[in-house]
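What follows is one structure encoded as structure tokens, with my remarks underneath.
Every value quoted in this text rests on a predicted model; they were computed, and no experiment measured them. Here is how names work: the chains are called A, B, and so on, in the same order as the sequence lines, proteins then strands, and each is numbered from 1.
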2 protein chains.
Amino acid sequence: MGQPGELEPVNRESTAAIIADQLRSAIMYGTFPPGTQMAEAELAGKFGVSRGPLREAMQRLVQEGLLHSERHRGLFVTTLDVDDVHDIYMARTGVERAACLLILRTDPKEAAERLGEVHARMVGAAGIGDLRALGNADLVFHETLVELAGSARLERMARTLLIETRMCMTALEKKYRDPVDLVGEHRAIVDAIQAADEERLLEVLDAHMADAVARLSTDAAPES
Amino acid sequence: MGQPGELEPVNRESTAAIIADQLRSAIMYGTFPPGTQMAEAELAGKFGVSRGPLREAMQRLVQEGLLHSERHRGLFVTTLDVDDVHDIYMARTGVERAACLLILRTDPKEAAERLGEVHARMVGAAGIGDLRALGNADLVFHETLVELAGSARLERMARTLLIETRMCMTALEKKYRDPVDLVGEHRAIVDAIQAADEERLLEVLDAHMADAVARLSTDAAPES
DNA sequence: TGACTACAAATTGTCAACAATCATACACAA
DNA sequence: TTGTGTATGATTGTTGACAATTTGTAGTCA
């Protein structure tokens with residue numbers, strides 16, 4: 001963001017936006033597991049602000065569906081059941097499919113290069129058997145994919161969906177996918193973009209999502 | 001919502017949610033045209049609440065992308081340029097396509113019936129030449145389409161996109177589409193669902209969206 | 001012992017006042 | 001006249017305190 005020497009607006013984002021980002025990360029990585037109550041006073045203290053800005057930030061997450069509100073009881077981290085897992089991956093398929101179509105209509109070569117770099121990180125993580133890093137690189141891959149489409153709306157939708165995806169991963173930490181398969185499926189996506197082969201791209205993307213959801217929902221719903 | 005006799009939770013939704021709904025409607029129907037500043041004190045007075053809950057509600061709309069914040073200056077209704085129109089319809093295509101796939105996998109007959117009822121309203125509005133009612137029925141049609149898919153996430157995405165669609169319609173009020181075409185395209189969607197013909201359904205949906213965006217962006221971007 | 005009532009603590013919902021920042025108008029000098 | 005600097009007014013950002021509601025606990029009575 002911003003070449004060296006470029007002048008950027010000094011106006012940093014609002015306090016609510018900053019806090020919302022922090023909360024998103026915390027929820028994403030399981031610092032606040034599903035079902036946790038977000039105690040206002042305590043959180044406000046940790047962030048060093050009063051309850052006002054904190055509540056504004058939390059309302060953003062409610063709108064995103066990451067928190068749900070029970071009147072006069074509090075805000076709780078949304079719990080994801082097996083139906084949600086299906087819903088998340090179905091929605092992701094729709095969003096990322098649209099992103100792929102946009103990429104093919106603009107600059108597939110450039111996109112393939114950028115995605116190739118991210119894919120290299122996946123290969124590296126898989127090579128040393130770091131499953132956690134592999135999972136994170138996986139998310140970065142899809143985040144980059146949507147970002148390359150250049151659509152503000154797809155990007156916003158995808159961000160929330162990827163956070164929920166990460167929550168699923170945390171909840172089912174026990175059972176990761178075979179790293180070789182995972183790397184291979186992403187490789188296929190990069191190759192299809194590189195080749196600008198729309199039919200194959202949509203096919204491998206669909207397969208990738210179907211595999212993921214099948215794996216995640218084989219046994220044991222995260223819980224209700 | 002709720003059969004007669006059904007007991008519903010007395011707990012109404014949070015104040016922020018109620019205000020957010022009202023603001024959404026107001027933005028949707030042009031009460032606050034794009035670029036308008038949302039004066040906190042004045043709005044709080046109109047809603048009969050203090051600035052706290054109002055700010056919480058507005059943060060939800062910021063998250064949705066309907067408002068954007070300029071620090072220490074205020075919140076403004078987002079203005080949509082011609083690129084946004086393309087982006088909105090592209091995203092809608094992705095979301096509604098996914099919704100169509102879900103409907104075909106569950107109960108197309110039931111869905112076709114529900115959509116047929118909404119379509120009848122479009123026919124009625126077109127018959128008496130009420131373009132405003134026709135436009136609203138158009139939105140209800142697509143809202144219902146996504147609702148029938150039964151996906152909370154698609155529904156949330158679609159709601160925001162349809163509000164933005166309505167904003168475009170208001171901004172370009174001069175130039176409506178040919179009512180006959182509009183009714184016909186929606187009829188084709190209902191028929192394809194009824195027939196459970198996936199290939200044809202996706203085709204007519206794509207065509208419907210492409211037509212709309214082409215019509216909206218022929219001349220005169222709403223403004224920058 | 002069990003159930004119901006009343007009280008108390010804690011948390012959320014709301015508000016009005018204070019502090020910080022920005023836009024406008026005006027005076028003044030070059 | 002143009003540009004700069006200042007003062008003023010208004011609006012947003014933030015805070016701490018107060019009101020309303022729920023939950024848990026203790027106590028009483030059948």
Side-chain angles (χ1 to χ4, degrees), chain A residues 7-24 26-27 31-79 224, chain B residues 7-24 26-27 31-79 224:
Chain A
L7 276 64
E8 290 184 42
V10 300
N11 236 358
R12 74 175 200 282
E13 51 191 351
S14 73
T15 309
I18 297 171
I19 296 179
D21 278 343
Q22 303 243 10
L23 289 178
R24 260 188 284 266
I27 292 173
T31 306
F32 302 115
T36 308
Q37 177 167 11
M38 309 296 276
E40 294 184 359
E42 181 190 336
L43 277 177
K46 288 196 177 183
F47 282 119
V49 297
S50 93
R51 285 172 52 211
L54 177 72
R55 283 174 64 91
E56 291 174 17
M58 294 200 299
Q59 288 299 321
R60 291 197 180 202
L61 303 195
V62 170
Q63 178 60 37
E64 272 184 282
L66 264 32
L67 299 180
H68 68 101
S69 149
E70 294 183 25
R71 195 175 157 81
H72 284 123
R73 298 224 9 220
L75 295 165
F76 301 83
V77 180
T78 301
T79 63
S224 147
Chain B
L7 275 61
E8 289 184 40
V10 55
N11 236 357
R12 73 177 200 283
E13 51 191 349
S14 75
T15 309
I18 297 171
I19 296 178
D21 278 342
Q22 303 243 9
L23 289 178
R24 259 188 284 265
I27 293 174
T31 307
F32 302 114
T36 308
Q37 177 167 11
M38 309 296 276
E40 294 185 357
E42 181 189 340
L43 277 177
K46 289 196 177 183
F47 283 118
V49 297
S50 97
R51 285 172 51 213
L54 177 72
R55 284 174 63 91
E56 291 174 16
M58 294 201 297
Q59 289 299 320
R60 291 196 179 202
L61 302 195
V62 170
Q63 176 62 36
E64 272 185 283
L66 264 33
L67 299 180
H68 67 100
S69 151
E70 293 182 25
R71 195 176 156 81
H72 284 125
R73 298 223 11 217
L75 294 165
F76 301 84
V77 181
T78 301
T79 64
S224 143

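Rounded to a whole Å, the CG atom of A:Leu75 is 9 Å from the C1' atom of C:dT12. Summarising the geometry, the separation between NE2 on B:His72 and C1' on C:dT21 is reported as 5 Å, rounded to the nearest angstrom.
Screening residues 43-53 of chain A for side chain to side chain donor-acceptor pair (under 3.5 Å), with sequence neighbours left out, gives A:Glu40-A:Arg51.
Near DNA chain C, meaning a heavy atom under 4.0 Å away, the residues from residues 48-57 of chain A are A:Arg51, A:Arg55. Residues from residues 36-46 of chain B placing a heavy atom under 4.0 Å of any atom in DNA chain D, listed by number, are B:Gln37, B:Met38, B:Ala39, B:Glu40.
When the side-chain nitrogen and oxygen atoms of A:Thr15 are compared with OP1 and OP2 of D:dT14, one or more of them lie within a distance under 4.0 Å. Phosphate contact (OP1/OP2 of D:dG13, side-chain N/O of B:Arg71, threshold under 4.0 Å): absent.
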Less than 3.5 Å apart, which donor and acceptor atoms pair up between the side chains of residues 14-21 of chain A and the rest of the protein, not counting sequence neighbours?
| from | atom 1 | to | atom 2 | distance (Å) |
| --- | --- | --- | --- | --- |
| A:Ser14 | OG | A:Ala17 | N | 3.3 |
| A:Asp21 | OD1 | A:Arg24 | NH2 | 3.1 |

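In this structure, CD on B:Glu64 lies 10.5 Å from CD on A:Glu64, to the nearest 0.5 angstrom. Going from atom CG of A:Leu66 over to atom CE of A:Met58 covers 13.0 Å, rounded to the nearest 0.5 Å. The structure places CD of B:Gln63 at 7.0 Å from CD of A:Gln63, a figure rounded to the nearest 0.5 Å. A:Leu61 contributes atom CG, which lies 12.5 Å from atom NE2 of A:His68 (distance to the nearest 0.5 angstrom).
Applying the side-chain contact (heavy atoms from CB on, under 4.5 Å) test to A:Ala26 and every residue at least two apart in sequence or in another chain returns A:Thr31, A:Phe32.
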Table of protein N/O atoms under 3.5 Å from nucleotides 5-9 of chain D N/O atoms:
none

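Minimum interatomic distance between B:Val62 and B:Leu75 (heavy atoms only, all atoms of both residues): CG2-CD2, 3.7 Å.
At least one donor-acceptor pair closer than 3.5 Å links the side chain of A:Gln37 to the backbone N or O of A:Arg73. Counting only distance, with no hydrogens or angles, the side chain of A:Thr36 and the backbone of A:Val77 share no donor-acceptor pair below 3.5 Å.
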